[in-house]
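The block underneath contains the structure these notes are about, expressed in structure tokens.
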There are 2 protein chains.
Amino acid sequence: MATQPAAQRRAEAKVMYDAFVATCPTRQVLAMIGDKWVGLTVAALSNGPMRHGQLRARIAGASQKMLTQTLRLMERDGLVTRTVTPTVPLRVDYELTALGRTLVPVLTAVKEWSETHIAEIMAARDAYEARTSS
Amino acid sequence: MATQPAAQRRAEAKVMYDAFVATCPTRQVLAMIGDKWVGLTVAALSNGPMRHGQLRARIAGASQKMLTQTLRLMERDGLVTRTVTPTVPLRVDYELTALGRTLVPVLTAVKEWSETHIAEIMAARDAYEARTSS
DNA sequence: CGGCATCCCATGCGATACTG
DNA sequence: CAGTATCGCATGGGATGCCG
């Protein structure tokens with residue numbers, strides 16, 4: 001079948017894109033903080049260490065699985081420390097690292113932009129709905 | 001079976017969470033800019049209007065479907081304008097709105113945080129790998 | 001050229017049940 | 001109490017082909 005130019009170009013582009021993503025810090029970080037639960041977790045921990053169960057209660061809506069998964073991810077990326085106290089029953093505390101705390105202002109900036117512009121966004125959505133459903 | 005406390009509490013918590021998310025500006029915005037392609041698209045358009053095809057080439061890795069979908073979403077949220085010139089062949093230009101441009105500094109802040117701390121993150125990942133695969 | 005509809009696979013994520 | 005494993009549905013997103 002010789003070559004399949006279109007498909008091949010696509011494949012190459014994808015590889016290049018993947019490589020790009022792999023080396024682009026911003027994309028990685030955006031994926032991280034854009035994660036469904038990371039933002040909330042950082043916010044919850046910004047007041048001090050919390051136990052797994054406390055976080056569960058604080059975040060309400062995250063399944064236990066998702067919370068664990070999110071915390072593991074954040075631990076891996078050096079945003080939180082995980083401290084196990086092997087008593088019975090077990091006790092596990094999570095705390096923001098120095099790196100994790102530097103993320104707080106960034107999330108605050110996003111938060112402020114959000115609160116400032118949410119009304120415009122909602123208005124745009126309403127206008128869009130009105131325009132398209134006519 | 002009277003009531004099913006656990007399941008019921010879960011259900012209620014979920015409803016409350018959904019309501020919370022629906023009204024929490026930050027979560028909505030985080031979901032928006034955390035979207036796989038929105039960040040790159042804003043970056044691409046920050047230099048001026050671009051045509052659909054140009055964006056395709058610029059972003060390389062986004063399928064046509066995803067690009068269109070992303071642009072629609074951004075149009076809906078009032079971040080970009082979509083201008084159709086009904087020539088043959090068709091020509092469509094996208095441009096950031098005033099609202100869209102206010103988002104640029106926020107993304108820039110994220111970008112700067114990323115570039116500053118990516119090394120730490122990578123180091124944390126390596127350390128984590130080394131620790132867990134031992 | 002740009003957009004939409006269809007098909008289809010990969011992944012995300014919740015529910016549940018079990019282990020330490 | 002914290003975590004893991006399994007299942008199953010819902011969604012994301014790519015490929016392709018047709019229409020304006």
Side-chain angles (χ1 to χ4, degrees), chain A residues 4-18 21 31-32 34-38 40-41 49-76 80-95 132, chain B residues 4-18 21 31-32 34-38 40-41 49-76 80-95 132:
Chain A
Q4 298 167 314
Q8 203 171 55
R9 269 195 307 102
R10 289 296 191 90
E12 282 172 21
K14 185 165 187 358
V15 169
M16 281 168 50
Y17 166 72
D18 288 343
V21 162
M32 184 179 84
D35 182 279
K36 205 174 177 185
W37 305 109
V38 170
L40 279 179
T41 309
M50 291 184 83
R51 298 184 55 178
H52 182 104
Q54 292 179 297
L55 282 169
R56 276 274 283 156
R58 181 78 144 65
I59 297 186
S63 64
Q64 186 271 346
K65 176 183 171 181
M66 275 302 96
L67 188 56
T68 298
Q69 188 172 301
T70 301
L71 288 165
R72 276 294 188 297
L73 188 76
M74 292 171 68
E75 189 195 1
R76 189 190 63 135
V80 299
T81 53
R82 177 168 176 272
T83 311
V84 181
T85 312
T87 51
V88 177
L90 212 58
R91 174 192 174 109
V92 183
D93 288 88
Y94 292 93
E95 180 172 14
T132 54
Chain B
Q4 298 167 313
Q8 203 171 55
R9 270 195 306 99
R10 290 295 191 92
E12 281 171 22
K14 187 167 186 357
V15 169
M16 280 168 49
Y17 166 72
D18 287 345
V21 162
M32 184 178 85
D35 182 279
K36 206 174 175 185
W37 305 110
V38 170
L40 278 179
T41 309
M50 291 184 83
R51 299 185 54 178
H52 182 104
Q54 292 179 295
L55 283 169
R56 276 274 283 157
R58 181 77 145 67
I59 297 184
S63 65
Q64 184 272 343
K65 176 183 171 180
M66 275 303 96
L67 188 56
T68 298
Q69 188 171 301
T70 301
L71 288 165
R72 276 294 188 296
L73 188 75
M74 292 171 68
E75 187 195 2
R76 190 189 62 134
V80 299
T81 54
R82 177 169 177 272
T83 311
V84 181
T85 312
T87 51
V88 177
L90 210 58
R91 176 193 173 107
V92 183
D93 289 270
Y94 293 93
E95 181 172 13
T132 55

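Since this is a predicted model, take the numbers as computed values, not measurements. Letters A, B, ... are given to chains in the order of the sequence lines, protein chains preceding strands, and every chain is numbered from 1.
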Contacts of type salt bridge (charged side-chain N to carboxylate O under 4.0 Å, His left out), residue A/Arg91, not counting sequence neighbours: A/Asp93
Nucleotide C/dC1, atom P - distance to CG of B/Leu67 in whole Å: 15 Å
Protein-nucleotide distance (B/Glu75, atom CD; C/dG2, atom P), rounded to Å: 15 Å
side-chain contact (heavy atoms from CB on, under 4.5 Å) between B/Met74 and B/Val38, worked out: CA-CA 8 Å; B/Met74 292 171 68; B/Val38 170; 4.2 Å; yes
Spacing of B/Met66 atom CE relative to D/dA15 atom C1', expressed in whole Å: 12 Å
Rounded interatomic separation in angstrom, taking CZ from B/Arg56 and C1' from D/dG13: 13 Å
Contact summary for A/Thr41 and A/Trp37, nearest pair of heavy atoms: OG1-O, 2.7 Å
Heavy-atom closest contact (A/His52 atom, A/Leu67 atom, distance): O-CD2, 3.8 Å
Distance in angstrom units between B/Leu73 CG and D/dG12 C1', rounded: 13 Å
Nearest-0.5 Å distance, OG1 of residue B/Thr68 to CD of residue B/Glu75: 11.0 Å
Spacing of A/Met66 atom CE and A/Ile59 atom CD1 [to the nearest 0.5 Å]: 12.5 Å
Listing time: all N or O pairs from protein to nucleotides 1-7 of chain D that are below 3.5 Å?
residue, atom, partner, partner atom, Å
D/dC1, O3', A/Arg51, NH2, 3.4
D/dA2, OP2, A/Gly53, N, 3.0
D/dG3, OP1, A/Arg82, NE, 2.7
D/dG3, OP1, A/Arg82, NH2, 2.7
D/dG3, OP1, A/Tyr94, OH, 2.8
D/dG3, OP2, A/His52, ND1, 2.5
D/dG3, OP2, A/Tyr94, OH, 3.3
D/dG3, N7, A/Gln64, NE2, 3.1
D/dT4, OP1, A/Arg72, NH2, 3.4

Inter-residue atom distance A/Leu55.CG - A/Leu71.CG, 0.5 Å rounding: 6.0 Å
NZ-CD distance between B/Lys36 and B/Gln69, expressed to the nearest 0.5 angstrom: 11.0 Å
Rounded distance in Å - CH2 (A/Trp37) to P (C/dG12): 15 Å
Length of the NZ-C1' vector between A/Lys36 and C/dG14, whole Å: 9 Å
Rounded (10°) bend between the five-pair end axes of the helix from C/dC1-D/dG20 to C/dG20-D/dC1: 40°
